[in-house]
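Below you'll find the structure, written out as structure tokens, and then a few comments.
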Amino acid sequence: MKRREIEAESEIRLQVSEVSPLQVNRSSEERFFLLGFSDWPSLQPALFVLVLLCYLLTLLGNSALVLLAVRDARLHTPMYYFLGHLALVDAGFTTSVVPPLLANLRGRARSLPRGGCLAQLAASLALGSAECVLLAVMALDRAAAVCRPLHYASLASPRLCRALAGASWLGGLANSAAQTALLAARPLCAPRRLDHFVCELPALLQLVCGRGRSDGTERQMFAARVVILLVPSTVIAASYGAVARAVWGLRAGGGGRKALGTCGSHLAAVCLFYGSASYTYLQPARTYDQSRGKFVSLFYTVLTPALNPLIYTLRNKEVKGAARRLLGDIRRGAARP
């Protein structure tokens with residue numbers, strides 16, 4: 001590890017020495033050096049294959065979900081409407097992270113200009129925050145379907161569904177804009193080296209100069225992260241508490257298993273996403289361990305978006321039926337002269 005840090009510092013000095021004296025200060029201020037997994041050279045080939053496979057599964061699986069949700073009239077329900085939005089969020093979220101990660105895994109640690117680093121941070125924060133809110137919306141939808149089946153059609157009206165989906169996207173954008181603007185206003189001290197594969201907020205906060213003067217700003221940013229993670233998770237916990245009570249009452253009638261089947265996949269996705277994201281963002285920046293955090297970040301940036309389509313389709317008869325109908329239409333279209 002020490003050897004890799006020494007090499008990283010040598011490369012930073014080399015990059016600075018290649019620019020003109022008038023640009024040295026500007027160049028050194030605006031570039032960040034991401035070590036990625038360069039301190040694990042023996043692990044990089046296996047990680048490259050794993051990340052590439054997950055990325056391809058994410059694009060293929062989520063694109064298929066969006067296509068089925070749009071094309072098949074039987075999936076024009078609130079559940080699949082929100083699932084289509086989740087698929088779009090997952091595809092965008094992993095795309096904001098994985099291509100640079102793959103480039104990093106194929107070579108040495110790389111540098112990013114300040115603008116590029118903040119743009120990556122803004123994109124990943126916006127999409128990750130939108131997923132937090134969207135998962136809570138989906139939990140409310142499942143609770144309404146299980147607990148109020150007779151009134152579900154009126155509760156989950158198309159207009160309300162569009163409003164909730166829009167609120168998820170706007171909430172993600174608002175949280176990202178606020179956090180990125182607060183960070184951009186703080187000076188970041190050299191050496192601007194991140195033991196990470198992405199410009200992640202907790203890692204960047206450790207570079208803030210004069211931490212004593214910026215504690216107020218960091219507390220505001222931490223409070224925003226608490227809100228965007230804990231409020232949706234509280235809504236999810238309350239929703240599934242209501243579902244559990246309703247399912248307990250349905251046990252005698254034999255409807256409990258069906259109700260659990262509609263919610264189990266969503267709960268699995270929630271646990272995967274919130275578990276790793278909460279570890280990363282619900283701790284003070286001063287205690288954040290970048291070397292451990294980059295491995296945890298792989299779960300919610302790479303693995304979870306790849307697993308979500310499988311989680312939602314393996315035991316879902318409606319999606320399987322829609323896929324079979326689509327394949328049948330494709331075969332009949334290919335058979336026509």
Interatomic spacing from [atom1] in [X] to [atom2] in [Y] - rounded to 0.5 Å:
X	Y	atom1	atom2	value
S239	I236	OG	CD1	7.5 Å
S124	L201	OG	CG	9.0 Å
L83	L75	CG	CG	9.0 Å
Q44	D39	CD	CG	8.5 Å
L34	C199	CG	SG	5.0 Å
M138	M79	CE	CE	6.5 Å

Please enumerate all residues that pass side-chain contact (heavy atoms from CB on, under 4.5 Å) together with [X], with sequence neighbours excluded.
X	value
S176	A122, L125, A126, T180
L303	C54, F299
Q290	L194, D195, A203, Q206, Y288
L160	S157, L164

ILVMFWY cluster, [X] and [Y] together (side-chain gap under 4.5 Å):
X	Y	answer
V226	Y274	yes
L118	V208	yes
L282	L135	yes
L170	V133	no
Y279	L230	no

Candidate pair V319 and Y80, rule side chain to side chain contact (heavy atoms under 4.5 Å, CB included), full reasoning: CA-CA 9 Å; V319 174; Y80 296 106; 3.5 Å; yes

Whether W40 and F295 hold their rings parallel, tilted or perpendicular, with breakpoints at 30° and 60°: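 Taking F295 first and then W40, their aromatic rings stand perpendicular (interplane angle over 60°).
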
Plane angle bin for F37 and F197 - parallel if under 30°, tilted between 30 and 60°, otherwise perpendicular: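 F197 and F37: parallel rings.
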
Evaluation steps, side chain to side chain contact (heavy atoms under 4.5 Å, CB included), between I311 and L272: CA-CA 11 Å; I311 289 172; L272 283 172; 3.7 Å; yes

Polar side-chain atom of [X] near backbone of [Y] as donor-acceptor pair, under 3.5 Å:
X	Y	result
R186	L207	no
H76	V70	yes
N62	T58	yes

Any side-chain heavy-atom pair of L102 and F48 under 4.5 Å: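 They are in side-chain contact.
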
Min side-chain heavy-atom separation T301-L101 under 4.5 Å: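 Counting from C-beta outward, T301 and L101 never come under 4.5 Å.
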
Verdict with reasoning, E200 to S297, per side chain to side chain donor-acceptor pair (under 3.5 Å): CA-CA 9 Å; E200 194 165 54; S297 297; 3.0 Å; yes

Which residues share a salt bridge (Lys or Arg N to Asp or Glu O under 4.0 Å) with R74, sequence neighbours left out: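 Partners of R74 by the salt bridge (Lys or Arg N to Asp or Glu O under 4.0 Å) criterion come out as none, since no residue qualifies.
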
side-chain hydrogen bond (donor to acceptor under 3.5 Å, both in side chains): pairs with one or both residues in residues 82-97, sequence neighbours excluded: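 Sorted result for residues 82-97: Y55-T95, Y81-H85, H85-W169, D90-N308.
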
